[in-house]
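Everything on this sheet refers to the single structure shown next.
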Amino acid sequence: MREHGMTPQKYIRKVRLEKARNAIIQRPDLPIMQIGLMCGFNSLGFFAKSYKEVYGELPSETRARS
C-alpha cells in the first residue's frame, strides 16, 4: 500500500482497467465483452461499473468516441 497509495486489490483493478481502456481504443475489432474477460474481469457488470467509476463513462461510450 505504501508503494502505490492503494490496496493491492485496487492497484490490480486499476492496471486491468488501464489495459482494457487501451484495448477498447486500439482494438475496435474486439468486442468489449472479450476485452473485459481478457483483462481479468469475470463479471461484465462489475467491469462496466468499475470502468465508469474510474473514467466517468461506460466502455461502449469510450468505443463510440474513438
Side-chain angles (χ1 to χ4, degrees):
M1 191 160 165
R2 283 178 278 170
E3 282 287 316
H4 302 286
M6 62 186 78
T7 65
Q9 182 180 17
K10 286 186 179 183
Y11 177 74
I12 290 169
R13 187 178 310 145
K14 176 182 176 279
V15 170
R16 288 178 176 172
L17 287 169
E18 288 172 357
K19 183 178 176 183
R21 185 173 180 86
N22 288 335
I24 289 168
I25 293 168
Q26 296 174 1
R27 297 290 312 268
D29 57 310
L30 291 177
I32 291 173
M33 179 175 77
Q34 184 177 352
I35 291 170
L37 293 172
M38 286 174 25
C39 293
F41 291 93
N42 295 325
S43 165
L44 297 177
F46 182 70
F47 169 54
K49 179 183 174 202
S50 298
Y51 191 96
K52 187 164 185 166
E53 285 175 4
V54 172
Y55 298 111
E57 63 185 7
L58 294 170
S60 58
E61 294 169 327
T62 299
R63 166 81 38 96
R65 289 186 312 97
S66 57

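- Using modelled atom types, no side-chain atom of Ser50 and backbone atom of Phe47 make a donor-acceptor pair closer than 3.5 Å.
- Enclosure of atom CE in Met33 is not indicated, since only 12 or fewer non-hydrogen atoms of other residues, nucleotides or ligands lie within 6.0 angstrom.
- Taking Lys10 as the reference, Met6, Thr7 meet the side chain to side chain contact (heavy atoms under 4.5 Å, CB included) condition, with sequence neighbours excluded.
- Each salt bridge (Lys or Arg N to Asp or Glu O under 4.0 Å) pair with one or both residues in residues 31-53, not counting sequence neighbours, would appear here, but there are none.
- Grouped with Ile25 in a hydrophobic cluster is no other residue, since no side-chain heavy-atom contact under 4.5 Å to another Ile, Leu, Val, Met, Phe, Trp or Tyr is found.
- In this structure, SG on Cys39 lies 8.0 Å from CD1 on Ile24, to the nearest 0.5 angstrom.
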Acceptor/donor pairs from residues 13-20 side chains to any protein atom, 3.5 angstrom cut, sequence neighbours excluded:
from, atom 1, to, atom 2, distance (Å)
Lys14, NZ, Glu18, OE2, 2.9
Arg16, NH1, Gly40, O, 3.4

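- For the salt bridge (Lys or Arg N to Asp or Glu O under 4.0 Å) condition, no pair includes a residue of residues 32-47, sequence neighbours left out.
- Screening residues 36-45 for salt bridge (Lys or Arg N to Asp or Glu O under 4.0 Å), with sequence neighbours left out, gives no hits.
- Listed by first then second residue, pairs satisfying ring pair (Phe, Tyr, Trp, His ring centres under 6.0 Å) with a partner in residues 19-39 number zero, not counting sequence neighbours.
- The side chain to side chain contact (heavy atoms under 4.5 Å, CB included) search around Ser60 returns Ile32, Leu58, not counting sequence neighbours.
- Here the closest non-hydrogen pair linking Ala48 and Pro59 is CA-CD, 4.2 Å.
- Within the structure, the ring pair (Phe, Tyr, Trp, His ring centres under 6.0 Å) test picks out the following pairs touching residues 5-31 (sequence neighbours left out): His4-Tyr11.
- Qualifying ring-ring contact (aromatic ring centres under 6.0 Å, His included) partners for Tyr55, counting only residues two or more places apart in sequence or in other chains: Tyr51.
- Among pairs with a residue in residues 23-42, those fulfilling side chain to side chain donor-acceptor pair (under 3.5 Å) read Arg27-Asp29, at least two apart in sequence or across chains.
- A search for salt bridge (charged side-chain N to carboxylate O under 4.0 Å, His left out) contacts involving Arg21 returns Glu57, not counting sequence neighbours.
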